[in-house]
J.: 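What follows is a single structure, and I will ask about it in a moment.
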Amino acid sequence: MPELNSSQREAVRYTEGPLLVLAGAGSGKTRVITHKIVHLVEKNGVAPQHIFAVTFTNKAAREMQARADELLRGRERRGLNISTFHTLGLNILRQGHANLGFKKGFSLFDEQDSGNLVRELLCGSTSPPDETTAIRWRISAWKNALVTPQQAQQSAQNEQDARAAHLYTAYQRALRSYNAVDFDDLILLPVQLFDQFPVTLEKWQGRIRHLLVDEYQDTNLSQYQLVKQLAGIRQQLTVVGDDDQSIYSWRGARPENLARLSSDFPRLKVIKLEQNYRSTGRILKAANQLIGNNSHVFEKRLWSALGPGDAIRVVACKNEVHEAEKVVSEIIHQRFSSGAGYGDYAILYRSNHQAKLFETTLRQQNIPYYLSGGSSFFSRSEVKEVMSYLRLLSNANDDAAFLRIINTPRREIGPSTLERLAGYATARHISLLSACSELGLEQVLSAAPLGRLRAFAGRIADYQQRARGDQPIATIKALLQELDYPGWLYEKSSNDQAAERCWANITELVGWLERLQQQSETSQSLAEMISRITLQDVLDRQNDGSGGDQVHLMTLHSAKGLEFPHVFLVGMEEEILPHRSSIEEESIDEERRLAYVGITRAQRKLTISYARKRKKFGELTRCEPSRFLDELPEDELLWEGREEKISTEEKRQRGTAHLTVIRSLLS
């Protein structure tokens with residue numbers, strides 16, 4: 001795509017008012033955003049520091065930044081602001097935290113921190129174990145919809161709503177006492193800040209001369225409101241989106257935000273990007289016909305100049321085991337006949353549990369694969385807890401680490417105690433750990449909670465002193481033994497096997513630190529080891545999702561934004577795609593968009609598979625092919641498995657491919 005096409009060029013050059021770029025899959029939306037940044041700098045004379053571009057993932061922001069830097073090479077580009085929504089929100093809060101009553105250095109609670117806080121608030125409750133997750137999601141949904149705790153209480157329709165709203169109130173109060181915000185607050189609080197302090201909003205509107213927003217169909221209500229506030233009366237706004245790829249309603253995304261733009265920005269201009277640079281004609285014909293069954297505010301139809309390409313194969317399999325074997329066999333055969341790399345292949349599925357059989361079969365054939373979406377070792381709750389102990393031993397001012405472990409194991413130190421401790425620490429401008437040992441705290445807390453806090457602080461002080469010696473690993477092991485950490489894991493885990501897995505992770509963490517110490521030519525302090533291991537975690541998290549020359553395994557949600565020469569869209573069955581819950585709730589449109597996303601990931605070849613029977617709850621049950629198969633153009637589909645018709649030549653090629661694999665294994 002050496003040159004911009006006419007629609008892309010129009011979108012880049014239009015700066016007379018608010019603009020919606022309706023960008024279909026593979027139509028070059030990132031190219032439009034980055035070229036528009038260059039156009040604003042070179043042709044409109046907008047200084048880079050007055051251009052803000054926001055998207056949803058660090059990967060997308062890095063890619064956008066790299067492309068913009070390349071295009072602006074040799075020109076002034078310092079100060080260009082390209083980030084995620086949440087990074088922008090964090091920057092706004094860092095400058096305006098005092099107005100909202102936060103002290104400098106507030107902590108950011110991640111999903112696990114938030115879950116732990118809700119769990120602590122539910123301590124002693126007779127509610128089911130999964131209520132923590134349900135309450136956390138409910139609070140998140142309220143925040144995304146700009147609903148305050150007071151509004152949630154006032155709108156409660158039943159006892160369950162009232163209970164959730166009460167916990168929302170307690171949750172926010174606890175966050176305040178910890179001088180902390182959660183991930184959703186990074187959008188909600190800037191919106192509230194701008195509502196309450198118009199002067200602050202005016203300053204930010206003065207800084208932003210043009211705002212560009214990527215993946216606009218994924219915005220929730222609070223993100224929409226933040227964009228509206230920042231655009232202000234100048235309305236120099238460019239948003240890029242595709243309602244056909246809105247697949248995140250479960251986390252608050254509202255594709256109808258695209259339609260709302262017309263009413264909130266009456267001068268809105270709409271430009272459609274319909275030329276696809278990724279896929280062949282047959283793939284796009286299938287995608288267009290499928291998504292045409294959804295209702296649309298803005299109609300569009302993708303087309304390609306890449307030619308018709310291969311027919312779309314639909315493979316019927318006996319069961320899920322046969323499906324995995326068939327897909328892996330096809331990868332072996334195609335790779336042998338075409339010379340493609342393993343990294344050219346992707347297996348896409350609706351739910352994570354579908355990956356297991358494909359993993360097993362790929363391992364049996366000694367085929368390298370990359371499982372996208374696997375959780376980081378350091379994201380595991382037990383690992384984060386022990387790391388927080390080590391962080392606090394290394395840095396007494398780490399309030400986030402203090403808050404994570406103050407009740408791990410449980411010490412009966414409640415939110416009200418921590419609220420008073422935080423207030424005292426804030427007034428004295430000291431850390432929470434330092435505040436525990438001050439005499440003045442006796443004027444704030446009664447004897448029992450004060451004693452528990454000082455017992456904890458004394459234990460940490462003791463181990464801080466021991467960690468400064470030349471045997472930090474021995475110190476860590478002694479701390480875990482004194483805490484009876486294995487006993488705590490057994491107490492909080494759902495079963496013994498889960499506790500054993502958690503303890504194995506802790507053992508692995510300690511072993512890792514031990515190896516770091518042994519590999520170092522000089523003696524390392526605990527703080528140095530923690531820094532190194534934390535840096536490793538950051539680098540792991542920055543993995544861009546590319547698995548190198550490995551077959552990619554990922555959910556349809558994870559595949560959004562990616563593309564592969566060869567795609568296998570598996571499990572195309574009723575109750576899988578579309579998912580059973582969506583069928584029951586009669587919300588099929590988003591499931592159809594998921595299928596559309598899967599189809600449009602394919603560049604050259606698309607294979608769709610389904611099983612006639614599948615094990616469910618230990619029993620083999622008959623499966624119904626997905627309704628979406630009936631919505632694809634029949635004349636572009638090549639069905640297999642109804643009647644096996646494999647030519648002699650194809651059988652010979654597959655046999656040769658398998659022999660090649662076997663020989664490579666033997667060698």
Side-chain angles (χ1 to χ4, degrees), residues 21 23 29-34 36-37 48-69 77 79-97 106-114 140 143-144 146 180-191 193-194 204 207-208 210-231 237-242 245-248 250-254 257 372-373 376 379 537-546 557-562:
V21 181
K29 64 181 179 63
T30 303
R31 183 176 172 83
V32 166
I33 292 174
T34 52
K36 185 150 194 174
I37 290 171
Q49 64 266 28
H50 292 306
I51 299 172
F52 283 69
V54 292
T55 185
F56 280 85
T57 67
N58 286 325
K59 178 190 172 188
R62 287 195 299 270
E63 180 184 351
M64 204 179 293
Q65 183 74 58
R67 290 197 194 184
D69 287 347
R77 62 182 185 273
L80 185 61
N81 299 277
I82 299 178
S83 70
T84 64
F85 262 105
H86 292 90
T87 300
L88 174 61
L90 182 60
N91 290 336
I92 293 170
L93 277 184
R94 280 175 175 159
Q95 296 183 31
H97 64 276
F106 57 84
S107 300
L108 175 60
F109 273 31
D110 62 16
E111 189 174 341
Q112 285 191 7
D113 293 322
S114 298
S140 178
K143 290 188 176 187
N144 290 335
L146 298 174
V181 300
D182 66 17
F183 202 61
D184 298 311
D185 285 329
L186 295 181
I187 309 298
L188 173 64
L189 290 176
V191 170
L193 174 70
F194 291 154
W204 275 92
R207 289 181 59 186
I208 301 176
H210 201 103
L211 177 63
L212 303 101
V213 185
D214 189 21
E215 304 286 9
Y216 203 72
Q217 77 281 348
D218 293 336
T219 56
N220 55 42
L221 186 58
S222 61
Q223 288 161 337
Y224 182 92
Q225 184 63 22
L226 181 62
V227 169
K228 186 178 173 183
Q229 288 173 324
L230 292 173
L237 172 69
T238 299
V239 303
V240 183
D242 180 9
Q245 296 189 76
S246 181
I247 57 175
Y248 298 114
W250 49 275
R251 69 182 189 197
R254 296 189 177 188
N257 283 347
S372 178
S376 160
S379 70
D537 179 36
V538 170
L539 293 175
D540 287 346
R541 289 175 183 271
Q542 288 179 347
N543 189 305
D544 64 1
S546 172
H557 287 98
S558 299
K560 186 169 174 291
L562 303 178

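Keep in mind that what you see is a predicted model, and the values were worked out from it rather than measured.
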J.: Is there side-chain contact between Leu221 and Asn144, with heavy atoms separated by less than 4.5 Å?
T.: no
J.: Kindly write out the residues that satisfy side-chain contact (heavy atoms from CB on, under 4.5 Å) with Ser83, not counting sequence neighbours, or none if the list is empty.
T.: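 By the side-chain contact (heavy atoms from CB on, under 4.5 Å) rule, Ser83 matches Val54, Thr87, Leu88.
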J.: Side-chain contact test, heavy atoms from C-beta onward, threshold under 4.5 Å: evaluate it for Glu215 versus Lys29 and give yes or no.
T.: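 Counting from C-beta outward, Glu215 and Lys29 do come under 4.5 Å.
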J.: Verify the distance criterion only: is there a donor paired with an acceptor across the side chains of Gln65 and Asp69 at less than 3.5 Å?
T.: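 Yes, a side-chain donor-acceptor pair sits under 3.5 Å.
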J.: Search all heavy atoms of Pro190 against all heavy atoms of Gly89 and return the closest pair with its distance.
T.: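 Heavy atoms of Pro190 and Gly89 come nearest at CG-O, 3.7 Å.
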J.: Quick one: side-chain contact (heavy atoms from CB on, under 4.5 Å) partners of His50, sequence neighbours excluded?
T.: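 By the side-chain contact (heavy atoms from CB on, under 4.5 Å) rule, His50 matches Val46, Ala47, Arg209.
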J.: What residues, two or more places apart in sequence or in another chain, satisfy side-chain hydrogen bond (donor to acceptor under 3.5 Å, both in side chains) together with Glu63?
T.: Arg67
J.: With sequence neighbours excluded, what pairs up with Lys228 under the side-chain hydrogen bond (donor to acceptor under 3.5 Å, both in side chains) test?
T.: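 Partners of Lys228 by the side-chain hydrogen bond (donor to acceptor under 3.5 Å, both in side chains) criterion come out as none, since no residue qualifies.
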J.: State, with a plain yes or no, whether a side-chain heavy atom of Arg207 is found less than 4.5 Å away from one of Phe52.
T.: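 Heavy-atom side-chain distance check passes, below 4.5 Å.
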J.: Name all residues meeting the salt bridge (Lys or Arg N to Asp or Glu O under 4.0 Å) criterion together with Asp182; count only those two or more places apart in sequence or in a different chain, and write none if there are none.
T.: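 Listed in chain order: Arg136, Lys143.
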J.: Identify the residue among Thr84, Asp214, Thr219 that makes a side-chain contact (heavy atoms from CB on, under 4.5 Å) with Phe56.
T.: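 The passing option is Thr219.
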J.: Checking Tyr224 now: which residues fulfil side-chain hydrogen bond (donor to acceptor under 3.5 Å, both in side chains) with it, not counting sequence neighbours?
T.: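 Result, side-chain hydrogen bond (donor to acceptor under 3.5 Å, both in side chains) vs Tyr224: Asp264.
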J.: Residues two or more places apart in sequence or in another chain: which of them pass side-chain contact (heavy atoms from CB on, under 4.5 Å) with Leu90?
T.: Arg94, Phe106, Leu186
J.: Asp242 and Ala23: which non-hydrogen atoms are nearest, and at how many Å?
T.: CB-O, 3.1 Å
J.: Tell me, do Tyr216 and Val21 make a side-chain contact under 4.5 Å, heavy atoms counted?
T.: no
J.: With rounding to the nearest 0.5 angstrom, report the CG to NE2 distance, Leu193 to His97.
T.: 11.0 Å
J.: Not counting sequence neighbours, which residues clear ring-ring contact (aromatic ring centres under 6.0 Å, His included) with Phe183? List them please.
T.: His86
J.: Could I get the full list of side-chain contact (heavy atoms from CB on, under 4.5 Å) partners for Ala53, not counting sequence neighbours?
T.: Ile37, Met64, Ile82, Leu212
J.: Can you name the side-chain hydrogen bond (donor to acceptor under 3.5 Å, both in side chains) partners of Thr238, sequence neighbours left out?
T.: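 Per chain and number, Thr238 pairs via side-chain hydrogen bond (donor to acceptor under 3.5 Å, both in side chains) with Lys36, His210.
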